[in-house]
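Here's the structure, in structure tokens; my notes come after.
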Amino acid sequence: MTETLQEIKREYEGEDNRPLASYTRVLAVYGGAVAALLAAAKLTGRRPPENIKAMDLMLMGLFTHRLSRTLAKDPVTSPIRAPFTRYEGPSGPAELKEKVRGHGLRHAVGELLTCPFCLAQWVATGYAAGTVFFPRVTRLAGATMAAVAISDWLQLAYARLMKAAE
């Protein structure tokens, strides 16, 4: 079995060194968190919403987008990423470019923390859990981050219009 897994790893990586075992650990943490949330819901008698309305889905999407970008790119959240990354400079308005460093688990976590697309799954799962355990607070957090996302887009549109007017 070990030889088969090593062969799969070698064939997958080619000339690159990819932390597949560390990715497996990260996936196990995610799966364990989901299992713990499901068990907690069952033990406490909490149930998911009967249906998800379009507005709820929109709120969840905006929340997920904004929080994922904040965690992955915002200068203020760089201390969270610092053990796993190296600062390279700005990458856009109020966003940083950072290079993932380290090997194994450190590298895998760095990739997760610097990728808003990767973080989105974790954030959306947290939001979904929040709708089960703390629906009112979760909706308020969702509305707050949705307002920030909309504000961001309006700021960018305003800056573009000002530049076009020059």
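Computed from a predicted structure; not experimentally measured. In what follows, residues are counted from 1 in the order of the sequence shown.
- Between the CG atom of L119 and the NZ atom of K73 there is a distance of 10.0 Å, given to the nearest 0.5 Å.
- Annotation: E3, atom CD; neighbour count of heavy atoms from other residues, nucleotides and ligands within 6.0 Å does not exceed 12.
- Contact check on D152 versus R66 returns a salt bridge, with a Lys/Arg side-chain nitrogen under 4.0 Å from an Asp/Glu carboxylate oxygen.
- The cluster map of Ile, Leu, Val, Met, Phe, Trp and Tyr, joined by side-chain heavy atoms under 4.5 Å apart, puts W122 and V34 in the same cluster.
- The backbone N or O of L20 sits less than 3.5 Å from a side-chain atom of T24, completing a donor-acceptor pair.
- Between R139 and D56 there is a salt bridge, since at least one side-chain N of the basic residue sits less than 4.0 Å from a carboxylate O of the acidic one.
- When atom types are taken as modelled, the side chain of S151 and the backbone of A147 share no donor-acceptor pair closer than 3.5 angstrom.
- Residues L67 and V148 fall into different hydrophobic clusters, defined by Ile, Leu, Val, Met, Phe, Trp and Tyr side chains chained together at heavy-atom separations under 4.5 Å.
- Hydrophobic clustering, with ILVMFWY side chains joined whenever heavy atoms are under 4.5 angstrom apart, groups M58 together with W153.
- For Y30, the OH atom counts as densely surrounded, since its 6.0 Å shell holds more than 12 non-hydrogen atoms of other residues, nucleotides or ligands.
- Summarising the geometry of P116 relative to S68, their closest heavy-atom pair is O-CB, 3.4 Å, with the distance given to 0.1 Å.
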Inset, instruction - Apply side-chain contact (heavy atoms from CB on, under 4.5 Å) to T77 and T70, showing your working. - result: CA-CA 7 Å; T77 57; T70 297; 4.0 Å; yes

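- Between the CG atom in L57 and the CG atom in L62 there is a gap of 9.5 Å [rounded to 0.5 Å].
- Within the model, atoms OG1 of T85 and CD of E88 stand 9.5 Å from one another, a figure rounded to the nearest 0.5 Å.
- A salt bridge links R18 to E111: one of the charged nitrogens lies within less than 4.0 Å of a carboxylate oxygen.
- In terms of heavy-atom proximity, I80 sits nearest to L71 at CD1-CD2, 4.4 Å.
- Taking both residues in full, the closest heavy atoms of A82 and R101 are given as O-NH2, 2.6 Å, listed atom of the first, atom of the second, then distance.
- Contact annotation: the side chain of L96 approaches that of Y87 to within less than 4.5 Å [non-hydrogen atoms, C-beta and beyond].
- A salt bridge links E98 with R81: the closest approach of a Lys/Arg side-chain nitrogen to an acidic carboxylate oxygen falls below 4.0 angstrom.
- Once rounded to the nearest 0.5 Å, the distance linking CG of L105 with OG of S22 reads 5.0 Å.
- Both V137 and V132 are members of a single hydrophobic cluster when ILVMFWY side chains are connected at heavy-atom separations under 4.5 Å.
- One distance of note links OG1 of T64 with CZ of R69; it measures 13.5 Å at 0.5 Å rounding.
- Listed here is the closest heavy atom pair of A124 and M60: O-CE, 3.2 Å.
- Heavy-atom minimum distance, F63 versus G142: CD1-CA, 3.5 Å.
- Residues Y127 and L59 have side chains in contact (heavy-atom distance under 4.5 Å, counting atoms from C-beta outward).
- Annotation: side chain of F133 is in contact with side chain of L37 (closest heavy-atom distance under 4.5 Å).
- Residues V29 and V26 are members of one and the same hydrophobic cluster, defined by side-chain heavy-atom contacts under 4.5 angstrom among Ile, Leu, Val, Met, Phe, Trp and Tyr.
- The CE atom of M145 sits 12.0 Å away from the CG atom of L140 when rounded to the nearest 0.5 Å.
- Across all their heavy atoms, T125 and Q121 have their closest contact at OG1-O, 2.8 Å.
- Remark: side-chain polar atoms of R25 are not paired, donor with acceptor, to backbone N or O of G104 under 3.5 angstrom.
- Within 6.0 Å of atom CD1 in I52, 12 or fewer heavy atoms from other residues, nucleotides or ligands are found, so the atom counts as exposed in its surroundings.
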